[in-house]
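The structure under discussion appears below in the form of structure tokens.
Just so we're clear, the structure is a prediction, and the values are computed from it rather than from any experiment.
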Amino acid sequence: MAVLEAAVRPQVGRPDPVRAAEFAALPLRTAFPLAVVGGLLFALAFPSPGWWFLAYPATACMLLASMGQRARRAAWLGYVAGAAFWLPAISWAGRYLGPVPWLALALVEAAYFALGSVAIALAYRWVARVLPATAWRVWGLPAVVAGLWTGREWFSGSWPYEGFAWGRVGLSQSQGPFTHLAAYVGVLGVSFLVVYCVAVVVSLAIVVPHAPGAVLRTPVRVATAGLLVAVVLAMPAWPTRIDGSIRVEAVQGNGPAGYFDRAQPGEVLSAQVAATDVGAEGVDLVVWPEAAAEADPRRFPAVAGALDSVVDTIGAPLVAGAITQTSSGVLHNTSFVWTRDGWQSSYDKKRPVPFGEYVPDRWFFSKLAPSLIGLLQRDYTPGTKPNVLDVAGIRAGIAVCFDIVDDGLTADMARGGAQVILAQTNNADFSGTDENLQQLEIARLRAVETGRSLVNISTVGASQVIDPTGRTIDRIPAYTATSMITDVPLGTGTTPATVVSGSVTLLVSLGSVLVLLACAPWTRRSRRSARRTS
């Protein structure tokens with residue numbers, strides 16, 4: 001504690017109380033291990049093991065490491081924390097292609113941590129100097145810090161190539177006490193609330209005891225921190241409206257669906273047909289995973305015949321996935337509705353995975369890693385169709401694999417009148433890793449965020465049906481060929497998150513950046529010069 005107290009103790013020889021309010025930085029021998037520990041604890045907050053509560057001390061460690069540091073050191077400390085998080089958290093990225101894609105993605109994403117660390121370090125220096133009052137440093141400054149953190153998560157999830165929205169603080173909380181708040185503020189909003197609460201606790205524990213004129217004793221500070229958390233968690237779950245249910249048979253074929261499984265044509269399709277319980281009664285809708293039908297049934301009669309046998313025997317429409325090609329040769333990863341009358345409607349995946357389903361700027365990256373880029377012979381094109389389809393008398397939101405990470409697509413489903421979300425995915429390329437579990441928890445939060453039940457159906461697992469509160473109501477064991485037949489509640493209405501959370505998050509993030517810039521030294525000097533000349 002003595003070392004941490006040094007982070008906020010006013011520096012000797014500074015009589016100016018405003019400058020005395022500036023946070024002093026921890027020495028590198030303390031800040032560096034804090035950054036490493038923070039990153040490692042943060043990784044443990046995600047599956048597996050998914051110890052969500054470790055996100056709180058992880059965030060505190062990373063804030064303390066950045067607090068008051070100069071920009072260059074803050075960048076390196078942020079990069080160290082980011083690498084300590086990303087390297088174990090996405091180790092699954094090297095499952096088949098080796099360490100190069102894994103290391104490249106982890107180290108690029110760590111750079112965003114570095115950027116966020118610089119912004120937070122400057123906030124603890126600049127904003128605290130301009131607004132040194134204890135109340136501001138305890139309640140206002142943490143909001144700026146949380147806004148900057150959230151802005152960094154939004155930016156890394158948006159750019160480049162539409163970003164990589166994995167590893168957000170909010171995504172670690174799918175099983176925690178903050179889960180229900182996703183319906184109000186969305187995933188990024190949950191990130192903001194968690195970071196804000198942690199930053200306030202840090203301020204109460206470290207800032208207040210050394211602030212000029214502060215008189216709050218330890219019991220009062222502990223009670224204040226506890227009251228803040230209690231107020232946030234006291235927000236009741238959003239009153240999701242349920243209007244009936246639909247009986248869904250979700251089929252996990254456990255076929256050789258991986259890119260390197262070298263399956264024969266029709267092998268994955270046959271596995272899906274074999275795992276489908278065609279004797280099930282009262283089924284309203286059958287759902288297969290991403291690309292489970294393999295090829296376009298409009299072009300391949302054998303595929304159409306297999307689909308016909310399923311819908312004719314069960315007496316219900318089928319939502320399946322296949323790789324389709326337009327007359328001009330454009331490839332899509334497509335989800336489609338098949339009935340006794342054949343192809344009815346479809347949705348083309350809008351978020352194909354960069355360097356997985358297509359290679360952006362192929363000419364450039366082929367020069368850097370020709371052998372790896374050469375493995376990806378096909379480039380899928382993002383779709384443009386709405387991601388809500390009419391099927392079995394209801395409106396179903398469709399998310400094909402990586403689509404589930406996109407905040408905008410999630411809002412589009414809710415605004416498009418989806419009553420249930422069908423999240424079709426193929427995790428076969430990551431068998432035996434944590435990728436499928438991490439994606440499942442993203443899907444869980446999307447169910448809460450939209451107030452809709454969600455059917456997460458994978459080729460190999462993890463396949464679950466999740467209700468609008470985030471509770472699992474049915475599941476299939478991983479790597480098991482079978483189906484689950486579930487009465488899935490249908491949601492109606494909207495949640496605040498699907499209406500305004502995106503705009504609010506953007507405003508909070510931009511507001512924090514503007515506050516930071518307004519408190520920058522050059523801005524203050526400009527204002528003083530303007531006053532002297534006026």
Side-chain angles (χ1 to χ4, degrees), residues 41-59 89 146 149-150 153-154 157 165-198 201 226 228-242 397 399 404-407 410-411 413-414 420-421 423 434 436-456 462 464-475 488-489 491 493-502 504-505:
L41 290 178
F42 195 36
L44 293 173
F46 290 84
S48 59
W51 295 334
W52 53 265
F53 51 87
L54 291 182
Y56 314 146
T59 303
W149 185 300
T150 306
E153 289 190 345
W154 170 82
W166 224 265
R168 295 171 171 178
V169 169
L171 295 178
S172 71
Q173 298 300 298
S174 62
Q175 305 281 358
F178 287 86
T179 303
H180 68 287
L181 298 176
Y184 291 93
V185 296
V187 171
L188 283 171
V190 173
S191 290
F192 176 88
L193 290 174
V194 171
V195 176
Y196 177 73
C197 288
V198 171
V201 170
L228 168 67
V229 176
V231 168
V232 173
L233 297 182
M235 183 72 71
W238 180 255
T240 302
R241 290 185 296 181
I242 301 298
I404 201 68
V405 307
D406 190 288
D407 301 310
T410 301
M413 284 190 282
V420 64
I421 297 174
D434 293 332
N436 60 348
L437 298 177
Q438 292 174 8
Q439 185 174 318
L440 175 67
E441 297 314 305
I442 297 174
R444 189 182 308 280
L445 279 163
R446 295 307 189 190
V448 178
E449 185 177 13
T450 58
R452 298 292 185 271
S453 298
L454 185 146
V455 180
N456 192 79
Q464 293 188 9
V465 178
I466 302 165
D467 74 7
T469 69
R471 181 177 62 93
T472 297
I473 57 179
D474 206 349
R475 70 177 72 215
V488 180
T494 57
T495 63
T498 56
V499 177
V500 298
S501 70
V504 171
T505 299

- Message: Run the side chain to side chain contact (heavy atoms under 4.5 Å, CB included) test on L193 and L181 for me, step by step, so that the C-alpha distance in whole Å, both residues' side-chain angles and the decisive distance to 0.1 Å come before the verdict.
- Response: CA-CA 9 Å; L193 290 174; L181 298 176; 3.7 Å; yes
- What's the verdict on side chain to side chain contact (heavy atoms under 4.5 Å, CB included) for R452 and M413, showing C-alpha distance, side-chain angles and the deciding distance? CA-CA 10 Å; R452 298 292 185 271; M413 284 190 282; over 6 Å; no
- Step by step, work out the side chain to side chain contact (heavy atoms under 4.5 Å, CB included) result for F192 and V169. CA-CA 8 Å; F192 176 88; V169 169; over 6 Å; no
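Sequence neighbours left out, the pairs with a member in residues 176-193 that pass side-chain hydrogen bond (donor to acceptor under 3.5 Å, both in side chains) are E153-S191. Note on residues 166-194: pairs passing salt bridge (Lys or Arg N to Asp or Glu O under 4.0 Å), not counting sequence neighbours, are R168-D407.
When every heavy atom of G186 is checked against every heavy atom of A497, the shortest pair comes out as N-CB, 3.5 Å. Counting all heavy atoms, side chain and backbone alike, A443 lies closest to N456 at CB-OD1, 3.8 Å. The shortest heavy-atom contact between V488 and S453 is CG1-CB, 3.4 Å. Annotation for C197 and V232: closest pair SG-CG2, 3.9 Å, computed over non-hydrogen atoms. V405 and R446 get closest at one heavy-atom pair: O-NH2, 2.8 Å. When all heavy atoms are compared, the tightest approach of G170 to L445 is O-CD1, 3.3 Å.
A donor-acceptor contact shorter than 3.5 Å is absent between the side chain of S501 and the backbone of T498. Side chain of W166 to backbone of G157: no donor-acceptor contact under 3.5 angstrom is found. Remark: the backbone N or O of G470 is paired with a side-chain donor or acceptor of R444 at under 3.5 angstrom. When atom types are taken as modelled, the side chain of Q438 and the backbone of A89 share a donor-acceptor pair closer than 3.5 angstrom.
A heavy-atom distance below 4.5 Å is not found between the side chains of Y56 and L41. In this structure, V465 and L454 have side chains that are not in contact, with every pair of non-hydrogen atoms separated by 4.5 Å or more. Using a 4.5 Å cut-off on side-chain heavy atoms (C-beta onward), I473 and I466 make no contact. Taking 4.5 Å as the limit, some side-chain heavy atom of Q439 sits within range of a side-chain heavy atom of I404. Contact annotation: the side chain of L171 approaches that of V187 to within less than 4.5 Å [non-hydrogen atoms, C-beta and beyond]. Between V504 and V185, the closest side-chain pair of non-hydrogen atoms is not below 4.5 Å. Looking only at side-chain heavy atoms (C-beta outward), W238 and V448 stay at 4.5 Å or farther from each other.
Residues passing the side-chain contact (heavy atoms from CB on, under 4.5 Å) test with V201 are A225, sequence neighbours excluded. Applying the salt bridge (charged side-chain N to carboxylate O under 4.0 Å, His left out) rule to R241 yields no partners; only residues at least two apart in sequence or on another chain are considered. Annotation: salt bridge (charged side-chain N to carboxylate O under 4.0 Å, His left out) contacts of D474 (sequence neighbours excluded): none.
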Show every donor-acceptor pair shorter than 3.5 Å between a side-chain atom in residues 43-55 and any protein atom, with sequence neighbours excluded, or say none if there are none.
{"from": "S48", "atom 1": "OG", "to": "D434", "atom 2": "OD1", "distance (Å)": "3.0"}
{"from": "S48", "atom 1": "OG", "to": "D434", "atom 2": "OD2", "distance (Å)": "3.3"}

